[in-house]
Amino acid sequence: MAGRPTIADVASEAQVSVATVDRVLNGRHRVREETARRVYDAAERIGYHATSLIRQRLQQNLPQYRLGFVLQRPRQFFYQDFARTIEQVVTSKPGVRGMPTIEFMPSQSPEDIVATLRRVASNTQAVAMAGPDHPAVSEAVLELKQAGIPVFSLLSDFASGIREGYVGLDNRKVGRTAAWIISRAALRPGKVGVFVGSSRFHGHELREIGLRAYLRDHSPEFQVLDTQINLETRQITHEATVDLIRRHPDLVALYVAGGGMEGAISALREEGMARKLVAVCNEITPESRAGLADEIITMVIATPLAKLCETLVDLMIRTIEIGSAETPGQTFLPFDIYLSENI
């Protein structure tokens, strides 16, 4: 296609008439949504200069949904990727005009979390949040529920019985899966180190419970050490990992149940532990991918972000349309597993 794409080029790409493209562009006569969407997709593919105008026309008569999202740790790759995926899923959802509001918590203090949740909820119809389980959070969720604004918990559950629903992984199964690979891949029985972000993260707690239960029932020759609280930070995890390696020569495995895996990876690399112990972490990022490639990390258990966001947005819109469910529910998604051979 030579030169700047024209209306005729869009029509040819979309397999419709030039008059149909003109109607979509100028909104003179109503065009079936399916046809208008085809015109938009064609315009986007060939780089037509008025693609944004076609998108506006598509959205003019669509129902509008203002959806709020509160995430943690804006500097972490995983949450940056999470925010990008939310934006893409909400704005591209067919049949609706989705308007996402995404904010990150400035800190892990209950006051900051609640303030962020209330601020996002003040201009949205439903909110989803990834955060800790804390009485102050539960009170805020109840307040919003009474005001007609449903709140969904993401990744780690909170406000059980109050929030509208949980969307994420079955974290107990995640922990059991980590234990399964440890019991089979470790070079010998020995000690296992576990990191969680804090005792307030229900998901981390369930992962730890799952890991301990599996090893107790199926591989009692492994000893799980006292759980390390790393606040999901690189530095604390790095220092604690080095300490575990040096204090426990019979350490054979490490599981980082939440954030902070970057610190564990750097410590294992510095201590020359590639292939010497089993290391399991969560979420695929550039650093965990590199850890797999270098055989510092044995396995990564990852959240399917696109599927999670699609499922979540559908649930949020349905709740806005028909109201809250009588019984708060849980939506578990199958998790992805990454090894050095499938990255």
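These numbers were taken from a predicted model, which means no experiment stands behind them.
For the pair R84 and F77, the cation-pi test (distance below 6.0 Å, angle within 45°) is passed.
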Does the pair T20 and R38 meet the rule for a side-chain hydrogen bond (donor to acceptor under 3.5 Å, both in side chains), with working shown? CA-CA 11 Å; T20 297; R38 199 158 79 238; over 6 Å; no
Go through N282 and Y255 one step at a time and tell me if the side-chain contact (heavy atoms from CB on, under 4.5 Å) criterion holds. CA-CA 9 Å; N282 296 281; Y255 176 44; 3.2 Å; yes
Go through the steps to decide whether V196 and R207 satisfy the test side-chain contact (heavy atoms from CB on, under 4.5 Å), and finish with yes or no. CA-CA 9 Å; V196 300; R207 291 174 182 178; over 6 Å; no
Apply side-chain contact (heavy atoms from CB on, under 4.5 Å) to Q108 and D112, showing your working. CA-CA 7 Å; Q108 292 295 302; D112 282 344; over 6 Å; no
Give the C-alpha distance, both sets of side-chain angles, the deciding distance and a yes or no for side-chain hydrogen bond (donor to acceptor under 3.5 Å, both in side chains) between T51 and E44. CA-CA 6 Å; T51 300; E44 193 170 45; over 6 Å; no
Mind running side-chain hydrogen bond (donor to acceptor under 3.5 Å, both in side chains) on T116 and E103 for me, showing each step along the way? CA-CA 7 Å; T116 307; E103 284 200 28; 5.1 Å; no
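For the pair R188 and D250, the salt-bridge criterion is not met [side-chain N within less than 4.0 Å of a carboxylate O]. Checked for salt-bridge contact, E295 and R275 meet the test: a charged N lies under 4.0 Å from a carboxylate O. K276 has no carboxylate O lying under 4.0 Å from a charged side-chain N of E271, or vice versa, which leaves the two without a salt bridge.
At a threshold of 4.5 Å between non-hydrogen side-chain atoms, the residues L215 and S183 count as touching. For the pair H202 and Y166, the minimum side-chain heavy-atom distance is 4.5 Å or more. Under the 4.5 Å side-chain criterion, counting only non-hydrogen atoms from C-beta, I102 is not in contact with Y79. Considering only heavy atoms from C-beta on, I7 comes within 4.5 Å of Y48 through its side chain. At least one side-chain heavy atom of M299 sits under 4.5 Å from a side-chain heavy atom of I337. Looking only at side-chain heavy atoms (C-beta outward), Q223 and H248 stay at 4.5 Å or farther from each other. Between L308 and F82, the closest side-chain pair of non-hydrogen atoms falls below 4.5 Å. A heavy-atom distance below 4.5 Å is not found between the side chains of V174 and R176.
Across all their heavy atoms, T124 and I149 have their closest contact at O-CD1, 4.2 Å. In this structure, S198 and I229 approach most closely via the heavy-atom pair CA-CG2, 4.0 Å. Residues P100 and F69 come closest through the heavy atom pair CB-CE1, 4.2 Å. The minimum heavy-atom distance between F78 and L155, with the atom names listed, is CE2-CD1, 3.7 Å. For A186 against F222, the heavy-atom pair with the smallest separation is CB-CE2, 3.7 Å. Looking at every heavy atom in both residues, G260 comes nearest to Q76 through N-NE2, 4.5 Å.
Sparse packing is recorded around CZ of R75, with 12 or fewer heavy atoms of other residues, nucleotides or ligands lying under 6.0 Å away. Atom NZ of K93 has more than 12 heavy atoms from other residues, nucleotides or ligands within 6.0 Å. Other residues, nucleotides and ligands contribute at most 12 non-hydrogen atoms within 6.0 Å of the CD atom of E34. Around the CD atom of Q64, the shell of radius 6.0 Å holds more than 12 heavy atoms that belong to other residues, nucleotides or ligands. With a 6.0 Å radius and a threshold of 12 heavy atoms from other residues, nucleotides or ligands, R73 has its CZ atom above the threshold. In the displayed structure, R318 atom CZ is contacted under 6.0 Å by at most 12 heavy atoms of other residues, nucleotides or ligands.
Hydrophobic side-chain contacts under 4.5 Å tie L244 into a cluster, directly or through other members, with F195, L225, I245, L251, L254, V256, M261, I265, L268, M273, L277, I284, L292, I296, I297, V300, Y338, I343.
Looking at S12 and D9, their side chains never bring a donor and an acceptor atom within 3.5 Å of each other. With no hydrogens or angles considered, no side-chain donor-acceptor pair links E262 and T237 at under 3.5 Å.
Linking ILVMFWY side-chain heavy atoms closer than 4.5 Å, directly or via other members, places L333 and L315 in a single hydrophobic cluster. Criterion: ILVMFWY side-chain heavy atoms under 4.5 Å apart, direct or through other members. Under it, V120 and L142 are part of a common hydrophobic cluster. One hydrophobic cluster, built from ILVMFWY side chains closer than 4.5 Å, holds both V89 and I320. The hydrophobic clustering, which links ILVMFWY residues whose side-chain heavy atoms are closer than 4.5 Å, places V96 and I86 together. V167 and L71 end up in the same hydrophobic cluster when Ile, Leu, Val, Met, Phe, Trp and Tyr side chains are linked at under 4.5 Å.
Just one of T298, V224, V278 meets the side-chain contact (heavy atoms from CB on, under 4.5 Å) condition when paired with I182; it is V278. Here the rule is side-chain contact (heavy atoms from CB on, under 4.5 Å) with F158, and of S153, P132, S138 only S153 fits it.
One finds the NZ atom of K307 at 4.5 Å from the OG1 atom of T311 (value rounded to the nearest 0.5 Å).
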